[in-house]
Each structure stands twice: as structure tokens, then as C-alpha cells.
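These numbers come from the heavy atoms of this one structure, side chains and all, not from hydrogens, waters or symmetry mates. These numbers were taken from a predicted model, which means no experiment stands behind them.
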Amino acid sequence: MEYINNELCLGPLKKPLLPLVANYMRPIYVYDLDSVAQRYQAMSQALKGTRLFFAVKSNPNPGVLQKLKSLGAGADVVSLGEIKRALECGFSPQDIVYSGVGKTKFEVTEALKLGIYQINVESLPELERIGMLGRELKKKAQVALRLNPDVDINTHPYIATGLKDNKFGMERSMVPALVKCLKNYSDSIDLVGVSLHLGSQMLEFSGYDEALKRLKSVYLELQAEFPTLKKFDFGGGLGIFYDRVDLQLEESLLQKYAQITLENLSDLNCELQAEPGRWLVAHCGALITQVQYIKETSAKTFVIVDAGMNHLIRPSLYEATHRIEPLKRKDTAFVVDVVGPICESSDFFAKEISLTKVQEGDFVAIMDSGAYGYSMASVYNLQELPLEICI
């Protein structure tokens, strides 16, 4: 983001945000598609030869998905609803990797009927369910085993997914039982991949490096028994900086991430897959909200806006930091809490921050909210969902 003539602009082409509120009705998520394209191309170039499946859960906006599809992305989905959204946006079943820990019989059946490119399996009972349903339907599922390396990447515990006490993936000790199941259902299951996902917002890579080494050896052992095994999905999780703008450092982290990945896996001579979400779209989005009141107490000054934790839950849920910028910048600032209208004390966007002076009726943008913003929104207190605009 950048200010031009004291007006906030978004994206590489510096598009002004103030015109978007000319007929303001309620909070607006705005997504800059040029930023999406720039980030996708940077990651695609760094991870040469890797097929990128965008994590639809991070931002299922049709405009964003259509843009990524046009750039060559596939779709990583975690529900039948996301499968349907991806298909509506032009992805084919062969563009879709189906992840998630709780796939129902109906969802698996629909995925098998569609001929989804790959189903990432999270448990032995799920593998057995896929085998049975595939046999009934006379369909052969293409599956990858999501294996849990029990590695910590030092992220928030709610977004860590690679430890043995997480619900995600399967411990390596489960491999013999998985092999037995795969052989039992050889008529309805092909093992095509091994999958890994350590969690989200990863900014340091020693744990990731160790995880790749652990699962590479498992991959080679499984490949000796299953010649159909030709894919390695190393997940996503590459983080960004929310508390500052430092795209150069983020680019260097991308290069380090790519170097570790390719050094570990390129000699497998298989299809490499990634599931990026946040890194591609977080910076592309902002949540625009209007100031309703400036409330002063003996302890604090509150800027009360019309968006709330129901629109962007990350600060309340993860104690996440988002920069907050006025659409029209002024010279003076004050220290405030920025809060919403929801009847919860956890309904805040920032506490004790220095914010350019705003008044009732002004607009502010909650930055870097293009990932896990609208997709996690709710109608709690029967508040309407925000609008969405692609620019």
C-alpha cells in the first residue's frame, strides 16, 4: 500500500481506495487482482516445476479464483462446497486436490464421481471409506497419504498442523496399516502421492527442512511397493509480515523456502505440489470500514467502526496483528483501541495503536486481510456480511 496525495492506494498499480466508498452501504473487502498475479508469478518462478494448488479456504472469492485459474493454478479444497465453487470458477476436476480431515460419505462419493485429481487422506478410517465407496462405484480413487512428521514450526498453536497431538495427518507409525489397507483395496485405490502440511504462517524453516527429510525416506519406501506413487505434496504455510511492509524480506524468505524444498525433493523426479494460500492473497486484500463513534473514557479512546470480529476474526482468534490505515491521511495522530459493534469484549481489531486522527464518518482500511478474512466471516448478532469488490 502507498499514500498518493494523502489518499491510500492498493497494489502494484497503486489503485486509490477512496472512490470505492462513494456509495458506502456496509464494510467492504477489496481485492487487488494485480497483486494476486504478481505474487503468484513470484512463487511460480521460485518453485520451478511445482504445481501450485491454491488453498481455496483462504479466499474463495470468484474473482480471485478466476484470476488464479487464468494464471495456471489448481485448487486445493477442503469441502464439497469448495469443490463446487472451484468448478463454477472454471477449474476442472483434474485441477483439484481434495484435502480435509472430515470428508463425509456423500462428499467422498461426489468426489469419486467427478474424478477429482487427488484425494489427500488424513486417517486410516478415511482410507478404508474411500476404498469401500470406490469399490461400490467401480471407481478408482487417486489418493495421497498426509503423513505427520511431528515437527514444530513455531507458529500459533491454532494454525500448527504437523505435531502428533494435532487432528491432521497420520503418524509415520501408521504406515504398515496403511500399506495393508491399500493392498486390500487395490481395485479401488491407487496410491499416487505423499502429502505434508506443517501449519500456517511459517517464517523459519529448520522444522520444515527436517520434515521434508523425514517424509522423503517414507516416500522412497512406499514407492518401492507402489509404483503408482509419483507425487509429493509439500503443503503450504509460507508466512507474511502483518506488522510492517517488507516485501523484499518476504521475497528472500520465499527464495529460502524454495531452495530448501528443491534441494530436498528435486531428485525424486516426481510431480511436486504446493498448497499456497496466505502468501498469495493476504496482501492483496483490505477490509474498509467506517468510523461510527470516537468514544473517550478515563482509561482509553475507542474508535468504534461498523466492521467487527464477525467480519475479520483473526485478531480475536489468533491475537493477530493487522495494520490499520485511514483512507485519507491527516497530519496528527492519537493512541486508540479500534473496536467493532459486536457484543463481545473480544471484538477488537487493534489495541493501543497510534492512528492518524479520524472522526465520525471517516473510513479506515484493515490491511493484509485478503486471506482468512471473508472466508471466516459470520453473521453473528445478525450483522450482514461485508461486500466484496475486485479491482
Side-chain angles (χ1 to χ4, degrees), residues 10-11 29-33 35-44 47 50-86 88-89 91 95-101 120 153 155-156 158-162 168 195 197-203 233-242 250 253-254 257 273-287 311-315 317-318 320-322 366-378 385-386 388-390:
L10 185 66
Y29 271 104
V30 55
Y31 310 118
D32 179 66
L33 298 183
S35 177
V36 175
Q38 187 180 71
R39 299 287 276 190
Y40 180 87
Q41 289 159 358
M43 180 168 278
S44 182
L47 291 165
T50 299
R51 189 168 181 191
L52 304 182
F53 292 86
F54 174 65
V56 174
K57 61 182 176 289
S58 65
N59 189 327
N61 176 269
V64 171
L65 293 181
Q66 289 164 3
K67 183 66 174 181
L68 286 162
K69 166 61 178 163
S70 74
L71 295 166
D76 173 73
V77 304
V78 294
S79 71
L80 182 57
E82 289 189 354
I83 290 175
K84 291 178 178 178
R85 175 61 60 85
E88 289 166 0
C89 292
F91 293 90
D95 295 323
I96 298 173
V97 168
Y98 187 11
S99 304
V101 301
N120 287 353
I153 59 167
T155 190
H156 191 283
Y158 290 0
I159 51 176
T161 60
F168 302 94
S195 171
H197 200 303
L198 296 179
S200 193
Q201 194 53 12
M202 181 169 50
L203 295 169
D233 180 346
F234 55 86
L238 182 61
I240 67 162
F241 296 110
Y242 282 98
E250 287 184 6
L253 288 173
L254 169 64
Y257 173 72
Q273 303 172 344
E275 305 164 15
R278 183 191 315 274
W279 201 90
L280 295 180
V281 297
H283 288 321
C284 89
L287 174 59
H311 293 158
L312 178 63
I313 200 172
R314 296 189 70 257
L317 184 62
Y318 303 131
T321 298
H322 283 264
I366 304 170
M367 305 304 296
D368 306 321
S369 51
Y372 305 102
Y374 189 93
S375 65
M376 296 179 74
S378 76
L385 290 171
E388 292 183 288
I389 298 174
C390 292

Practice problem: Find the distance between OH (Y40) and OG (S70) and round it off to the nearest 0.5 Å. | Solution: 9.5 Å
Practice problem: Apply side-chain contact (heavy atoms from CB on, under 4.5 Å) to L33 and V64, showing your working. | Solution: CA-CA 7 Å; L33 298 183; V64 171; 4.1 Å; yes
Quiz item: Just by distance, do the side chain of S369 and the backbone of L287 share a donor-acceptor pair under 3.5 Å?
Solution: yes
Quiz item: How long is the gap from CD on Q66 to CZ on F91, to the nearest 0.5 Å?
Solution: 9.0 Å
Quiz prompt | Inter-residue atom distance E275.CD - F54.CZ, 0.5 Å rounding | solution = 12.0 Å
Quiz item: Do D233 and H197 have side-chain heavy atoms sitting under 4.5 Å apart?
Solution: no
Practice problem: Kindly indicate, with the supporting measurements, whether the criterion side-chain contact (heavy atoms from CB on, under 4.5 Å) is fulfilled by F241 and L253. | Solution: CA-CA 11 Å; F241 296 110; L253 288 173; 3.9 Å; yes
Self-check item: Passing option when Y374 is tested against N59, L312, L385 for side-chain contact (heavy atoms from CB on, under 4.5 Å)
Solution: L385
Quiz prompt | Separation between NZ of K57 and OG of S79, rounded to the nearest 0.5 Å | solution = 10.5 Å
Practice problem: Would you mind reporting whether L47 and F234 have side-chain heavy atoms less than 4.5 Å apart? | Solution: yes
Practice problem: State, to 0.1 Å, how close A75 and A86 come at their nearest heavy-atom pair, and which atoms those are. | Solution: CB-CB, 4.1 Å
Quiz item: Is there a donor-acceptor pair closer than 3.5 Å between any side-chain N or O of Y29 and the backbone N or O of H311?
Solution: yes
Practice problem: Evaluate the side-chain contact (heavy atoms from CB on, under 4.5 Å) criterion for residues Y31 and V281: first the C-alpha distance (whole Å), next the side-chain angles of each, then the deciding distance (0.1 Å), finally the verdict. | Solution: CA-CA 8 Å; Y31 310 118; V281 297; over 6 Å; no
Self-check item: L10 CG to D32 CG distance, which is reported to the nearest 0.5 Å
Solution: 5.0 Å
Quiz item: Would R51 and D95 pass as an ion pair if we require N to O under 4.0 Å?
Solution: yes
Quiz item: At their closest point, which heavy atom of S58 faces which heavy atom of S375, and how far apart are they?
Solution: O-OG, 3.5 Å
Self-check item: H322 (side chain) donor-acceptor with M367 (main chain) under 3.5 angstrom
Solution: yes
Quiz item: Under the side-chain contact (heavy atoms from CB on, under 4.5 Å) criterion, do Y318 and Q201 qualify, and how do the steps go?
Solution: CA-CA 11 Å; Y318 303 131; Q201 194 53 12; over 6 Å; no
Practice problem: Calculate, to the nearest 0.5 Å, the distance between atoms CG and CG belonging to L52 and L280 respectively. | Solution: 7.0 Å
Quiz item: Does the pair R39/E250 count as a salt bridge with the N-to-O cut at 4.0 Å?
Solution: yes
Quiz item: Is a donor on one side and an acceptor on the other found under 3.5 Å between the side chain of T321 and the backbone of Y242?
Solution: no
